[in-house]
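Fair warning: this is a prediction, and the values are worked out from it, not measured in the lab.
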Amino acid sequence: MMRRLTAPGWAGLLLVGAVVAMALVSLAWTPHDPLAVSPDHRLEGSSAHHLLGTDRFGRDVLSRVMVGSQITLLVGLVSVGISLALGVPLGLWAALRGGIVQAAVMRGADLLLAFPALLLAILAGAVVGPSTWSAMVAIGIAGVPGFLRVTRAGALQVLTQDYIAAARIAGRSNPALAVVHVLPNIAATLIVQCSVAFALAILAEAALSFLGLGTPPPDASWGRMLGDAQASLASAPHLALWPGAAVALTVLGFNLLGDGLRDALDPRERRA
């Protein structure tokens with residue numbers, strides 16, 4: 001049974017909700033065309049016409065921040081989906097089979113930990129070229145060990161329960177045990193892991209785009225906007241301020257939401 005979210009959890013939910021709302025609004029409306037170049041209005045500060053100013057090409061910063069939220073959420077959803085789809089079955093398989101299978105899976109996870117998302121993105125970029133999709137796949141694969149370890153640890157705890165022994169005596173197969181008994185009992189842990197992985201994916205995508213390994217120009221990405229702002233930091237610091245604040249607040253929101261969900265879903269936290 002889930003108890004109510006704490007104040008930090010609600011704060012995280014509000015921040016995440018604001019980003020989602022911004023992304024949905026930007027699908028139908030933005031103050032200006034985020035790709036429209038206007039040399040006559042380059043590097044302008046905040047004004048009634050451009051609330052957050054313009055960049056070195058005269059493009060509206062607010063519109064680009066709004067559209068960049070779409071890529072941020074897409075990267076989070078796809079990369080976490082990849083990590084979840086690969087990590088959870090492998091973790092369940094390792095916990096249920098044990099022995100050599102478990103050792104092989106865990107050593108494979110250790111090996112994958114040696115290849116961070118940045119290195120995987122460089123390899124993917126060398127093969128297919130820098131793109132949002134190659135970054136998402138790299139981030140998703142890099143996140144598999146986290147989901148695998150969390151799933152295996154939770155499954156091992158569940159498998160020690162008496163009702164699992166009764167289910168085995170009744171002839172339940174390993175797939176049935178995983179779906180009927182294990183997954184429902186570790187779902188709360190996986191939800192929290194998803195929120196944490198979402199925040200890490202946002203940071204990773206911003207870093208990759210900043211380095212030119214993620215979303216290519218002229219598409220709006222918060223990391224790409226930060227990279228483009230380097231050349232104008234002295235004369236137009238707002239170019240780094242707004243996308244940087246967007247990344248920071250979004251990551252903060254998902255971290256606070258993850259902490260709130262952990263407190264609400266973890267029975268040990270409830271007893272405390």
**Q** Tell me, with the steps shown, if S26 and Q70 meet side chain to side chain contact (heavy atoms under 4.5 Å, CB included).
**A** CA-CA 8 Å; S26 67; Q70 298 177 21; 2.7 Å; yes

**Q** Any donor-acceptor pair under 3.5 Å linking the side chain of W222 with the backbone of V65?
**A**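 Flag set: sc W222 to bb V65 pair under 3.5 Å.
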
**Q** More than 12 heavy atoms of other residues, nucleotides or ligands under 6.0 Å from CG of L27: yes or no?
**A**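 Yes, the 6.0 Å shell around CG holds more than 12 heavy atoms from other groups.
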
**Q** Any link between V25 and L249 through a network of hydrophobic side chains (Ile, Leu, Val, Met, Phe, Trp, Tyr) touching at under 4.5 Å?
**A**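 Unlinked, V25 and L249 end up in two clusters.
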
**Q** Using 0.5 Å steps for rounding, measure from the CG atom of D228 to the CZ atom of R59.
**A** 6.5 Å

**Q** Determine which pairs satisfy salt bridge (Lys or Arg N to Asp or Glu O under 4.0 Å) with at least one residue from residues 91-113, sequence neighbours left out, and list them in order.
**A**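 Every pair satisfying salt bridge (Lys or Arg N to Asp or Glu O under 4.0 Å) with a residue in residues 91-113: R107-D110, D110-R149.
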
**Q** Taking H32's backbone N and O only, do any of them form a donor-acceptor pair with S63's side chain (distance below 3.5 Å, no angle check)?
**A** yes

**Q** Please answer whether the main-chain N or O of F57 pairs with a side-chain N or O of R42 as donor and acceptor at a distance below 3.5 Å.
**A** no

**Q** How long is the gap from CG on L257 to CG on L15, to the nearest 0.5 Å?
**A** 9.5 Å

**Q** Check the pair H181, Q161 against side chain to side chain contact (heavy atoms under 4.5 Å, CB included), reporting the backbone distance first and the verdict last.
**A** CA-CA 10 Å; H181 297 291; Q161 303 301 313; over 6 Å; no

**Q** With under 30° as parallel and over 60° as perpendicular, where do the rings of F198 and F254 fit, or are they tilted in between?
**A**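 Judged by the thresholds at 30° and 60°, the geometry between F198 and F254 is parallel.
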
**Q** Could you measure the distance from the CZ atom of R224 to the CG atom of D219? Nearest 0.5 Å is fine.
**A** 9.5 Å

**Q** Is it true that T215 and E205 share a donor-acceptor pair across their side chains at a distance under 3.5 Å?
**A**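 There is such a pair (donor and acceptor under 3.5 Å, judged by atom type) between the side chains of E205 and T215.
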
**Q** Quick one: do the S235 and S232 side chains pair a donor with an acceptor below 3.5 Å?
**A** no

**Q** Of V158, T151, L190, which meets side chain to side chain contact (heavy atoms under 4.5 Å, CB included) against L183?
**A** L190

**Q** Run the side chain to side chain contact (heavy atoms under 4.5 Å, CB included) test on T132 and I71 for me, step by step, so that the C-alpha distance in whole Å, both residues' side-chain angles and the decisive distance to 0.1 Å come before the verdict.
**A** CA-CA 8 Å; T132 305; I71 292 179; 4.2 Å; yes

**Q** Quick check: does any side chain N or O of T6 sit under 3.5 Å from a backbone N or O of G260, one acting as donor and the other as acceptor?
**A** no

**Q** Rounded to the nearest 0.5 Å, what's the gap from CD1 on I164 to CD1 on I169? Could you check?
**A** 11.5 Å

**Q** Quick one: are R168 and L159 in side-chain contact, heavy atoms under 4.5 Å?
**A** yes

**Q** Is there a side-chain contact between Q193 and L84 in this structure, where contact means two heavy atoms from C-beta onward sitting under 4.5 Å apart?
**A**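 Not in contact.
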
